[in-house]
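Note on naming: letters A, B, ... go to the chains in the order of the sequence lines (proteins, then strands), and numbering restarts at 1 for each one. When reading the values below, keep in mind they use all heavy atoms of this one structure, side chains included, and skip hydrogens, waters and symmetry mates.
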Amino acid sequence: MDVVAKAWTWLATGSHWAGPDGVWHRLGQHLFLTFVCLAISCAVALPIAVALGHIGKGGALAVNISNAGRAVPTFAVLVLLLLSPLGTHGQWPTIIALVLFAIPPLLTNAYVGVSEADREVVEAARGMGMTGGQLIRRVELPLAFPLIMTGVRTAAVQVVATATLAALPGGGGLGRIITAGFRLTDTPQVVAGAVLVASLALVVEGVFVTLGLVLDPMRRRTGRRSTAARRPPADQAPASPALTT
Amino acid sequence: MADGNCLISNEWICGEYVRTRGQELTDATLEHVWITLASVAIGLLVAFPLALLARRWRPVAGPVLGLTTILYTVPSLAMFSLLLPVFGVSAAVVITGLVLYSLTILVRNIMAGLASVPEEAREAARGMGYGPLRLLFGVELPLALPALMAGLRITTVSTVSLTTVGAIIGYGGLGNLIYEGMRSFFKAEVLTASVLCVALAVVADLLLLGLQRLLTPWARKSRKGTT
């Protein structure tokens, strides 16, 4: 295919990687946005989800927020925020949109992880006289870790995808290479940009899968084989967990 | 203030806009609906044999699930851009992208649904002389319906919302209006199209929920019986 060869040539051209419109600068913007927004949304969503999961209330809220997040188009929110009074404040509309769409997977997964931590273990810990705080730190969080990490991974991929869309209303990031390609009707550049964006998303997914496996506190304690057997099946669920109601 | 002024003062909510551009809104909504319907229908048609295949030959299951998960990771803007050279500027780009996304959840949920069919039900059907096809469509599929419909609802809702991104090549239904409104800073156009889009997702979800209730009357009865 001609376009594939041309896209490859585009990627192999050094001048496309340098400068303020170059790949390195756009990649830097993309990673910066992803990191900042993921950090903000974790700081907002995880404490709430863990607290709600600990007391076992608010399950309907967690599920409904995740459903609402699916129904509201990311693109619409990005544009609405741009046209709102916030639109004049540089990157803030993008950051707010990214945080809004990262929160649902974080909230839902962390809530399910903590509220469905093995009840017998939790009861035993309570019987040993652990306080609420100790229970969360030493029992519920380690048990919920795989699901919390699934939420973080989903949120990270979501942020990468949304940050790409933010290029449409004029935000920074790798999406700009695609939108610039469309404006120039330069299909090879569009394809090259898309390859970069897709690779970034896959790398981010891979990094978080690895992080989840390496950092899992239960793995260090009980060895590899037993965690593999005890890992909840939800861990293998797709990016957006399929709900069977 | 007269309604005509809201177009000039560029207000978020503008009745005059809805009145004067009714045709444009209807066209965009219809395009949105048919793109969504086509994507979900083709998605189902592809996902069903894939799920059957993955169930029949275990070695196929891993790659099928892995591949659909990888497809799901690709951001929508990149997905449509990658399909652009294959189909050129046409609705096929958007529909193919949306079909690929829908496979992730549909294949998984159809497989989960089929796996949840009790072995006794299968045995009983076989004992009654059901062939493999009749077993699949007469016994297994109806019992797998709740999981299938749950997957279908999730897929439909996210397809409605992802269709908007198709605006990048001019086939985004209501997304086209959002895109146009973004370029001309036309607040009423953006808000009206966004609200219609969310409404479309909610209506589709409710319709599917109703369909599920109709198709699985036993689920309702048993719930009433047990509580």
Using a cut-off of under 4.5 Å on heavy-atom pairs, state which of [options] scores highest against chain B.
options	answer
A/V190, A/L80, A/V191	A/L80
A/A201, A/A192, A/A68, A/A167	A/A201
A/P73, A/G69, A/S84	A/P73
A/G181, A/A7, A/A161	A/A161
A/G175, A/A71, A/A198	A/A71

Select one option (side chain, backbone, both, neither) describing which atoms of [X] are under 4.5 Å from chain B's heavy atoms.
X	result
A/T162	neither
A/I178	side chain
A/V77	neither

Determine the minimum heavy-atom distance between [X] and [Y], stating which atoms define it.
X	Y	value
B/M182	A/L168	CE-O, 3.2 Å
A/A194	B/A78	CB-O, 3.4 Å
B/S81	A/F182	OG-CE1, 3.8 Å

Can you tell me how far apart [atom1] ([X]) and [atom2] ([Y]) are? Round to the nearest 0.5 Å.
X	Y	atom1	atom2	result
A/L82	B/K187	CG	NZ	10.5 Å
B/I70	A/E205	CD1	CD	8.5 Å
B/T73	A/R153	OG1	CZ	8.0 Å

Response to the item:
The complete set of side-chain hydrogen bond (donor to acceptor under 3.5 Å, both in side chains) pairs with one or both residues in residues 165-179 of chain B, sequence neighbours excluded, reads B/E31-B/N176, B/Y179-B/R183
Response to the item:
In short, side-chain hydrogen bond (donor to acceptor under 3.5 Å, both in side chains) pairs touching residues 171-199 of chain A with sequence neighbours left out are none
Step through the shown structure and confirm whether more than 12 heavy atoms of other residues, nucleotides or ligands are within 6.0 Å of [atom1] on [X].
X	atom1	result
A/W17	CH2	yes
B/I13	CD1	no
B/W12	CH2	yes

Fill in: Any residue of residues 156-170 of chain B which, by heavy atoms, sits under 4.5 Å from chain A
B/V157, B/S158, B/S161, B/T164, B/V165, B/A167, B/I168, B/I169
Discussion item. Please rank B/D205, B/V190, B/V198 by heavy-atom pairs under 4.5 Å with chain A and give me the top one.
Written reply: B/V190
Worksheet, complete the sentence: Okay, B/L191 and chain A: the region with an atom under 4.5 Å from a heavy atom over there is both
Worksheet entry | Partners meeting ring-ring contact (aromatic ring centres under 6.0 Å, His included) with A/W92 (sequence neighbours left out) | none
Practice prompt. Determine, stepwise, if the pair A/F75 / B/S194 fulfils side-chain contact (heavy atoms from CB on, under 4.5 Å).
Written response: CA-CA 9 Å; A/F75 178 45; B/S194 306; over 6 Å; no
Item to complete: Kindly indicate, with the supporting measurements, whether the criterion side-chain contact (heavy atoms from CB on, under 4.5 Å) is fulfilled by A/V197 and B/L77.
Response: CA-CA 9 Å; A/V197 168; B/L77 191 60; over 6 Å; no
